[in-house]
Asker: 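Questions regarding the structure given below will be posed in turn.
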Amino acid sequence: MANAQSRTLLLFGATGDLSKRMLLPSLYALHCDGLIAADLRIMGTARSELDDEAFRAMAGEALAQFLPEARKDDEKIASFLKQLSYQPLDASKIEGFAALAERLGDISGGMSIFLSTAPFLFTPTIQGLKSAGLAGEMVRIGLEKPLGNDLASSCAINDAVAHAFPEDRTFRIDHYLGKETVQNLMALRFANMMFEPLWNANGIEHIQITVSETVGLEGRHGFYDDTGALRDMVQNHILQLVALTAMEPPAEFDATSIRDEKVKVLRSLRPVSPNEVVRGQYGAGAVGGNSVNSYADDLGKASDTETFVAIKAHVDNWRWQGVPFYLRTGKRLAERRSEIVIQFKQVPHNIFAQRGGRLSANRLVIRLQPEEYVRLLVMAKEPGLDRGGLILREVPLDLSLTAAFSKAQRRIAYERLLLDLIDGEPTLFVRRDEVEAQWRWIDAIRKTWADNAIEPKSYGSGSWGPSAAIALTERDGVSWND
């Protein structure tokens with residue numbers, strides 16, 4: 001059923017936080033803009049004992065809370081809610097899937113499943129779907145992370161999925177790939193001649209990727225303490241950004257070509273040595289002018305789980321040999337920010353030196369959030385009349401996506417991903433060999449931590465992490481883009 005639009009969408013975990021904050025608002029936006037069929041059936045399922053009307057009421061409350069005011073339209077909300085229905089299901093009990101199948105009825109028009117459940121429910125859910133005849137050739141499945149907590153558990157989940165859904169009907173979700181600026185990264189690289197000749201070790205000194213958060217645990221105590229920053233953020237979001245930044249130009253803009261090139265990057269990642277990685281855990285401090293607790297106080301117990309990771313990575317191939325990729329992510333940091341910084345090399349000779357001209361190497365900053373922009377920092381002469389000198393200054397050439405496309409509706413990443421799942425377009429989803437290459441590299445880092453007894457270093461909330469993270473770059477003469 002490749003690229004066939006589904007007539008039914010089944011949401012597992014339909015009463016959960018992700019559904020309320022992201023999925024239902026995204027589906028409503030697609031409905032408003034006529035991007036999904038008016039007769040698309042959207043059925044939610046979860047353990048909560050709700051009927052259709054109670055689920056619609058819950059969905060209406062979620063839209064009232066999480067939709068931007070400009071997007072609220074009572075008539076459109078009412079028509080969207082009519083598309084929703086609900087069937088209670090305990091996914092751990094296989095007998096409940098027969099009732100789900102009966103309620104769904106005819107799915108010959110194609111069905112897409114969005115599976116957002118606890119990892120231990122993946123296998124019984126897949127088995128239940130298969131037993132009830134809900135995994136046929138007209139059905140595709142989208143899998144929300146986490147897909148395991150190491151390579152072995154990830155392979156076990158993927159093996160269970162593969163028993164019912166072949167790879168071409170399996171859509172693994174990384175919501176970062178639905179962000180406009182991430183997709184713009186490919187447009188920037190492969191639709192503009194000016195960057196490609198410099199996009200390699202000859203033109204680039206280093207690359208930084210930062211995904212920072214100001215929040216703490218936000219109610220994810222059990223999950224986060226079992227996971228940590230390395231597995232929660234680096235394994236998926238950051239490594240996908242590395243792959244998109246470092247990949248070779250694909251032969252075509254299609255799912256197979258793009259994912260083939262990404263997996264080559266992931267397989268080329270050099271194992272990380274102990275002095276190339278920093279673990280951290282936030283202590284008490286102040287964020288946004290408000291005092292906040294330490295991680296241990298938030299959790300209610302002492303823990304050795306990291307809330308911050310900084311890594312000096314290398315992609316060992318012809319294009320990137322010798323170019324360090326500095327990666328970092330953490331909670332309770334100074335500001336919320338996701339960005340990629342491409343630091344180009346300095347010009348080989350400064351012809352302005354004798355006249356006092358000081359040069360800074362060009363930088364390309366690709367900001368993903370909170371605002372979205374592409375900024376190229378270049379050198380220019382400062383206006384004025386100066387005897388015997390030339391005053392140069394670094395100035396930005398900005399592409400603000402908000403300003404350049406002011407009439408375009410700002411999209412939630414899940415809008416793109418849900419639309420592609422319904423349409424059967426796999427380009428922005430993660431293939432199994434990508435996931436396994438990511439886990440293989442992450443597992444090696446965790447083994448390095450264990451073998452060398454690397455414990456998290458404390459850092460104050462509201463800072464940019466442990467001082468060791470600064471030293472990680474400074475010993476190479478590099479500063480983080482703060």
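Everything numeric here is computed off the predicted structure, so don't read it as measured data.
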Asker: State which residues pass salt bridge (charged side-chain N to carboxylate O under 4.0 Å, His left out) with Arg375; sequence neighbours excluded, sorted by chain then number.
Answerer: Asp398
Asker: Hey, mind stepping through Gln208 and Thr210 against side-chain hydrogen bond (donor to acceptor under 3.5 Å, both in side chains) and telling me if it holds?
Answerer: CA-CA 7 Å; Gln208 298 180 24; Thr210 294; 5.0 Å; no
Asker: Tell me every residue that passes ring pair (Phe, Tyr, Trp, His ring centres under 6.0 Å) with Phe122, counting only those two or more places apart in sequence or in another chain.
Answerer: none
Asker: So, Arg56 side chain and Leu81 main chain: donor-acceptor pair closer than 3.5 Å or not?
Answerer: yes
Asker: Is the number of heavy atoms from other residues, nucleotides or ligands within 6.0 Å of CZ (Arg337) greater than 12?
Answerer: yes
Asker: Run the ring pair (Phe, Tyr, Trp, His ring centres under 6.0 Å) test against Phe12 and tell me which residues pass, sequence neighbours left out.
Answerer: none
Asker: Side chains of Ser112 and Arg140: is there a donor and an acceptor less than 3.5 Å apart?
Answerer: yes
Asker: For Arg328, check salt bridge (charged side-chain N to carboxylate O under 4.0 Å, His left out) against everything at least two apart and list the hits.
Answerer: Asp482
Asker: Go through the side-chain N and O atoms of Gln183 and Thr181 and say whether any donor and acceptor fall under 3.5 Å apart.
Answerer: no
Asker: Would you find more than 12 non-hydrogen atoms of other residues, nucleotides or ligands less than 6.0 Å from Asp39 atom CG?
Answerer: yes
Asker: Can you sort out the partners of His175 under ring pair (Phe, Tyr, Trp, His ring centres under 6.0 Å), two or more places apart, ordered by chain and number?
Answerer: His237, Tyr414
Asker: Enumerate the ring-ring contact (aromatic ring centres under 6.0 Å, His included) contacts for residues 40-69, please, sequence neighbours excluded, ordered by first and then second residue.
Answerer: Phe55-Tyr86
Asker: Would you mind listing every salt bridge (charged side-chain N to carboxylate O under 4.0 Å, His left out) that reaches into residues 145-164, with sequence neighbours excluded?
Answerer: Lys145-Asp232, Asp159-Arg432
Asker: By side chain to side chain donor-acceptor pair (under 3.5 Å), which residues pair with Gln235, not counting sequence neighbours?
Answerer: none
Asker: Might you work through the side-chain contact (heavy atoms from CB on, under 4.5 Å) test for Asp225 and Tyr295, ending with a clear yes or no?
Answerer: CA-CA 10 Å; Asp225 198 54; Tyr295 178 77; 2.6 Å; yes
Asker: Is the count of non-hydrogen atoms from other residues, nucleotides or ligands lying under 6.0 Å from Arg363 atom CZ greater than 12?
Answerer: yes
Asker: Could you give all pairs that pass the salt bridge (charged side-chain N to carboxylate O under 4.0 Å, His left out) test and reach residues 238-254, with sequence neighbours left out?
Answerer: Glu248-Arg319
Asker: Between Asp298 and Tyr282, does any side-chain donor sit less than 3.5 Å from a side-chain acceptor?
Answerer: yes
Asker: Would Thr305 and Leu299 count as a side-chain contact (heavy atoms from CB on, under 4.5 Å) if you check the C-alpha gap in whole Å, the side-chain angles of each, and the deciding distance to 0.1 Å?
Answerer: CA-CA 11 Å; Thr305 297; Leu299 189 64; over 6 Å; no
Asker: Quick one: do the Asp423 and Gln5 side chains pair a donor with an acceptor below 3.5 Å?
Answerer: yes
Asker: Listed by chain and number, what are the ring pair (Phe, Tyr, Trp, His ring centres under 6.0 Å) partners of Phe325, not counting sequence neighbours?
Answerer: Trp320
Asker: Run the salt bridge (charged side-chain N to carboxylate O under 4.0 Å, His left out) check on Arg416 and Asp420 step by step: do they pass?
Answerer: CA-CA 6 Å; Arg416 164 54 59 191; Asp420 284 358; 3.0 Å; yes
Asker: Do Asp260 and Ser257 meet the criterion of a side-chain donor-acceptor pair at a distance under 3.5 Å?
Answerer: no
Asker: According to the salt bridge (charged side-chain N to carboxylate O under 4.0 Å, His left out) rule, which pairs have a member within residues 9-31, sequence neighbours left out?
Answerer: Asp17-Arg21
Asker: Return each pair, listed once, that meets salt bridge (charged side-chain N to carboxylate O under 4.0 Å, His left out) where at least one residue sits in residues 94-111; pairs must be two or more places apart or across chains.
Answerer: Asp52-Arg103
